[in-house]
Chemist: 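Okay, handing you the structure first.
Throughout, a chain's letter reflects where its sequence line sits, starting with A, and its residues are numbered from 1.
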Number of protein chains: 2
Amino acid sequence: MRKSDKNKDAESQILDAAKNIFQKKGMDGARMQEIADEAGINKALLHYYFRSKKLLFEAVFTNAFSLLAPQLNKILNDDSSIEEKVKNFTFNQISFIIKHPYLPNFIIQELNRNPEFFDTIKEHPSFPSLEKFKTQVQKEIQQGILKPIDGEQLFIHIVSLNLFPFIANPLLKGFLQKDDAQYKQLIENRKTEVSEFIIRSIKN
Amino acid sequence: MRKSDKNKDAESQILDAAKNIFQKKGMDGARMQEIADEAGINKALLHYYFRSKKLLFEAVFTNAFSLLAPQLNKILNDDSSIEEKVKNFTFNQISFIIKHPYLPNFIIQELNRNPEFFDTIKEHPSFPSLEKFKTQVQKEIQQGILKPIDGEQLFIHIVSLNLFPFIANPLLKGFLQKDDAQYKQLIENRKTEVSEFIIRSIKN
DNA sequence: TTATAGTTTAACCATTTGGTTAACAAAGAT
DNA sequence: ATCTTTGTTAACCAAATGGTTAAACTATAA
């Protein structure tokens, strides 16, 4: 354990340790003892602050979602053009995930394991809504700015292109035969590559 | 019934059950007893045929990879144009994954959990190579058929657009507020939607 | 038929794991 | 100071889990 962490109060220290372990190993792979060790405290203290493994996990999960969701809202709820949105969104999202590379995989994986989990986050204040984005796409199509495309499909395209390279990191790294540094560079390039690719396809 | 038939019977029955459980719950979440129940046999028989959980899992994993890898080779090693390749590949891959929806997530997830796993599949006979695809992209760019694009990035684009909607199924289903039938339709539409989107971006 | 080798099972076992308890320490509150 | 609440720990526990064993069953070759 690092000394600078010793000052932090126990609860946030547990959350921090739990985040690391859960995001790397998932709910089933994580061990309470391992989290306690990472936090530098006794295992019983985990249960003192968070009654059970399940509750500790849920705390970490909603915490992680609270980081990701506002990122999504950026593209959906500002007033710039679709082109601007795509550009800023891909750049910002890829930059953000570079700093939190385990986040998308963690959320997606645990949502697959337990889909009812979505009900928990549906109530989240910054839960994204697609309505504005969809109507804006339609409007720009009518104005002749964009070629015809379904807003929902476009949304899926964008998120897929942004997140998949992180989720499939080991797979793609293997296929492309890149080492960590090379793959990092490849992703770095995608900050602009992806939006250019999208814009080229949808802009008139 | 001949001895070898019987072996294959029990063995493949175990593999089938293990596939179902492992793909739904992952290595850590799966229980040997549950696999035995699903296969309708005694738990000890699992260890008789596959010495340990780890070995059973590896059998399932390489099996799964053997299904997915040839799909990738289709786009990389035939002689059609890039446009044809993109069209056929997305259509075929999405059609294929619709029949095996757990497959991509399973492979990607377990590869994240244990990246050294890639060494096992690197030896696989149908392990995909990108060389042909990359040179073909460059050639078609020089011929003026395609706009300039990096072949590796294009490859990532394609796979991302194809696979992400399956991997992030619960997340996207939630964001888009679709039920299972509606989401299935959305994916069905992507069989052509994705390739059109790509072609529009790269073709001159 | 019987010996043999392969297959299947119930009962067990050792370890791991999430969770509890009871004692103890720190810090306010009176 | 002394009482009370809150925080922390070592030791413990019951259940679950991967794995083993020895016996029973089955098919077949001699």
Chemist: Just how far, in rounded Å, is C1' of dA23(D) from CG of Leu45(B)?
Modeler: 15 Å
Chemist: To the nearest Å, how far apart are Gln33(A) CD and dC12(D) C1'?
Modeler: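 It works out to 14 Å between those atoms.
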Chemist: Quick one: do the Asn114(A) and Glu110(A) side chains pair a donor with an acceptor below 3.5 Å?
Modeler: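 Short answer, no.
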Chemist: Going by distance alone, is a donor N or O of one side chain under 3.5 Å from an acceptor N or O of the other, for Asn92(A) and Gln71(A)?
Modeler: no
Chemist: Given the rule in the salt bridge (Lys or Arg N to Asp or Glu O under 4.0 Å) test, do Asp28(B) and Arg31(A) qualify, once you have shown the distances and angles that lead to the verdict?
Modeler: CA-CA 11 Å; Asp28(B) 292 325; Arg31(A) 298 285 155 250; 5.5 Å; no
Chemist: Will you find, in the side chains of Asp9(A) and Gln13(A), an N or O donor that is under 3.5 Å from an N or O acceptor?
Modeler: no
Chemist: Could you state the NZ-P distance from Lys25(A) to dG18(C), rounded to the nearest angstrom?
Modeler: 12 Å
Chemist: For Met27(A) and dT17(C), give me the distance from atom CE to atom P, rounded to whole Å.
Modeler: 14 Å
Chemist: dT6(D) P sits how many Å from Glu11(A) CD, rounded?
Modeler: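 These atoms are roughly 14 Å apart.
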Chemist: Just compare dG19(C), dT9(C), dT8(D) and give me whichever is closest to any side-chain atom of Ile41(B).
Modeler: dT9(C)
Chemist: Could you state the CZ-P distance from Arg31(B) to dG19(D), rounded to the nearest angstrom?
Modeler: 11 Å
Chemist: Measure CG/Leu46(B) against P/dT20(D) and give the value in whole Å, please.
Modeler: 12 Å
Chemist: For Tyr48(A) and Asn42(A), take the nucleotide of DNA chain D holding the closest heavy atom to each; which residue's nucleotide lies nearer the 5' end?
Modeler: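 Its nearest nucleotide being more 5', the pick is Tyr48(A).
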Chemist: Rounded to the nearest Å, what distance is computed from the CG atom of residue Asp28(A) to the C1' atom of nucleotide dA16(D)?
Modeler: 13 Å
Chemist: With a 4.0 Å cut-off on heavy atoms, is Ala36(A) in touch with a base, just the backbone sugar-phosphate, or nothing at all?
Modeler: nothing
Chemist: Of the nucleotides dT20(D), dT20(C), dG18(D), which one has an atom closest to the side chain of Ala44(A)?
Modeler: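 Looking only at side-chain atoms, Ala44(A) lies closest to dT20(C).
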Chemist: Between Gly40(B) and Lys43(B), which residue's closest nucleotide on DNA chain C lies nearer the 5′ terminus?
Modeler: Gly40(B)
Chemist: Taking only the side-chain heavy atoms of His47(A) (C-beta and beyond), determine which of dT8(D), dG18(C), dT8(C) contains the nearest atom.
Modeler: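 For the His47(A) side chain, the nearest candidate turns out to be dG18(C).
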Chemist: Regarding Gln185(B) and Asn189(B), do their side chains bring together a donor and an acceptor under 3.5 Å, going by distance alone?
Modeler: yes
Chemist: Which ones in residues 51-64 of chain B lie close to DNA chain C, meaning a heavy atom under 4.0 Å from one of its atoms?
Modeler: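 Within this stretch, nothing sits under 4.0 Å of the strand.
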Chemist: Quiz question: by atom type and distance under 3.5 Å, do the side chains of Ser66(B) and His124(B) form a donor-acceptor pair?
Modeler: yes
Chemist: Provide the closest heavy-atom pair for Gln136(A) versus Ile82(A) in the form atom of the first, atom of the second, distance.
Modeler: NE2-N, 3.7 Å
